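What follows is a set of notes on a single structure, which appears directly below.
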Amino acid sequence: MANIYKLLPIFSLLLVFSYGCASSPETAQEESSPSIWQSTKRFYREYVNTPAKVDLGADGPCKDYEVCLGGAIASVDLQLRDLQKVMDNSDRAPDTHWVESTMRRFPWLSGLALTDENGKVVAKFPEVSMKEFTIDGLQEVPEGRRPMELRTTVADSPLGKEVYLAKPVYTEGAFRGLVVAHFDMRVLMSNTKDSDIFMVTSPFGVLWEGAYAPGSTPLDGQDWKKLAASDHKGTVSSGGNTFYWTSTYFGNMPLVYALPTTGGFLGKNAPSTELKKPEETGAPEAKPADAKPAEANAAEKPADAKAEGQPEAEKKAEPESKAEEAKAQNNDTASNKQPEPAK
């Protein structure tokens with residue numbers, strides 16, 4: 001309190017000086033309040049809160065093939081994300097209700113399983129499956145990942161690749177086992193619209209080939225673990241063909257979606273040549289097969305008119321023929337009639 005009383009004289013002197021520095025009545029009249037307010041607003045708009053300008057005619061940074069790929073993979077990516085959320089919340093031994101509801105929610109799953117800390121299968125649904133169930137690579141914590149995070153691997157078999165997604169189960173800090181969901185990517189894609197226009201690949205190989213031959217695309221032989229770690233999208237090229245790709249993580253595995261931008265892979269057996277416009281190739285523009293020259297159309301018109309007029313002529317001739325038939329019948333009747341005897 002004593003310090004505050006000591007500062008009071010200083011504050012009093014500051015008030016006096018500030019009053020003396022105030023603008024005179026003449027200056028206040030010259031600089032009216034509206035003009036000061038207008039200049040303040042102008043400086044505020046120019047330097048503090050500049051209004052945003054939107055060029056509606058400018059092309060955005062997104063390319064056509066990016067939009068195409070994004071729209072095609074939207075439903076697939078959404079379902080895979082939902083599965084990860086469900087599995088991430090299953091940090092304890094699942095019961096029958098959880099298994100049934102999960103299989104109903106994701107009908108494209110091959111099955112669900114529960115293993116112990118040694119990798120032995122404790123429970124499995126369905127009990128019998130076409131592919132051999134395996135959890136190789138899921139028991140250990142992946143490099144750079146936390147123990148509780150989802151783990152992913154892909155197992156190959158004569159019937160195709162099977163994707164495994166596992167959630168580790170810990171009790172009081174001790175590893176107790178895994179809750180595992182597994183599926184074939186082809187089953188998921190079979191009910192997905194426009195799934196033939198893109199491919200799905202991973203560090204374990206191609207999971208969905210779409211309408212392309214996987215052995216001849218630029219996606220083969222790429223280090224997707226390294227590429228996906230450095231960026232989430234890009235292009236790869238080989239043999240005059242270019243694929244645009246974008247990636248996301250499914251568990252700890254990078255999942256890569258890709259489609260061709262140049263070169264054109266229209267068949268599964270071999271890449272076809274890219275279609276070009278007539279002006280690029282110098283060839284004359286092709287006309288529709290049913291298009292006919294004007295002379296041919298003009299020549300066909302009289303024949304058509306004659307054909308159209310033919311039914312009318314037949315209609316006119318029809319009554320005349322009926323009249324002649326009736327006349328002939330009357331003549332026959334008259335000739336066959338016997339004369340009456342004379343009275």
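In this text, all values refer to a predicted model and were calculated from it rather than measured experimentally.
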request  = Determine, stepwise, if the pair L80 / F183 fulfils side chain to side chain contact (heavy atoms under 4.5 Å, CB included).
outcome  = CA-CA 11 Å; L80 293 176; F183 64 94; 3.9 Å; yes
Taking [X] for the side chain and [Y] for the main chain, is one N or O donor matched with an acceptor at less than 3.5 Å?
| X | Y | answer |
| --- | --- | --- |
| Q139 | I135 | no |
| Q222 | V236 | no |
| K131 | K161 | yes |
| N89 | K85 | yes |
| T115 | K120 | no |
| R151 | P147 | yes |
| S247 | A228 | no |
| K167 | M148 | yes |

For residues [X] and [Y], determine if any side-chain heavy atom of one lies less than 4.5 Å from a side-chain heavy atom of the other.
| X | Y | answer |
| --- | --- | --- |
| L165 | L150 | yes |
| V154 | L207 | yes |
| T217 | N241 | no |

From [X] atom [atom1] to [Y] atom [atom2], the distance as rounded to the nearest 0.5 Å:
| X | Y | atom1 | atom2 | result |
| --- | --- | --- | --- | --- |
| L138 | T152 | CG | OG1 | 7.5 Å |
| D184 | H182 | CG | NE2 | 11.0 Å |
| K233 | T248 | NZ | OG1 | 14.0 Å |
| Y257 | T246 | OH | OG1 | 9.0 Å |
| T171 | E117 | OG1 | CD | 9.5 Å |
| S195 | W208 | OG | CH2 | 4.5 Å |

ask   = Taking the six-membered ring for Trp, are F243 and Y212 parallel (under 30°), tilted (30 to 60°) or perpendicular (over 60°)?
value =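 Rings of F243 and Y212: perpendicular, over 60°.
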Identify the two heavy atoms, one from [X] and one from [Y], that lie closest to each other, and give their separation to 0.1 Å.
| X | Y | value |
| --- | --- | --- |
| L259 | L69 | CD2-CB, 3.6 Å |
| S129 | K124 | OG-NZ, 3.7 Å |
| W245 | L227 | CH2-O, 3.8 Å |
| P168 | E149 | CD-O, 3.4 Å |
| L219 | M199 | CD1-SD, 3.7 Å |
| M253 | P203 | CG-CD, 4.0 Å |

task = Would you verify whether the NZ or CZ of R145 falls within 45 degrees of the ring axis of Y249 while also being under 6.0 Å from that six-membered ring's centre?
result =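 Pair R145/Y249 counts as cation-pi.
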Can a side-chain donor-acceptor contact be found between [Y] and [X] if the only test is distance below 3.5 angstrom?
| X | Y | answer |
| --- | --- | --- |
| E162 | S110 | yes |
| T242 | T262 | yes |
| W108 | Q79 | yes |

inquiry  = So that I know where these two stand, are F133 and Y164 an aromatic pair - ring centroids less than 6.0 Å apart?
reply    =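 Here the rings of Y164 and F133 have centres that are less than 6.0 Å from each other.
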message = What verdict does the side chain to side chain contact (heavy atoms under 4.5 Å, CB included) test give for F125 and T96, after you've listed the backbone C-alpha separation in whole Å, the side-chain angles of each residue and the deciding distance to 0.1 Å?
response = CA-CA 10 Å; F125 181 86; T96 304; over 6 Å; no
query = Going through the distances and angles, do W98 and V179 end up as a side chain to side chain contact (heavy atoms under 4.5 Å, CB included)?
reply = CA-CA 11 Å; W98 183 87; V179 180; 3.9 Å; yes
query = Passes side chain to side chain contact (heavy atoms under 4.5 Å, CB included), L109 versus T102? Steps please.
reply = CA-CA 9 Å; L109 286 178; T102 303; 4.2 Å; yes
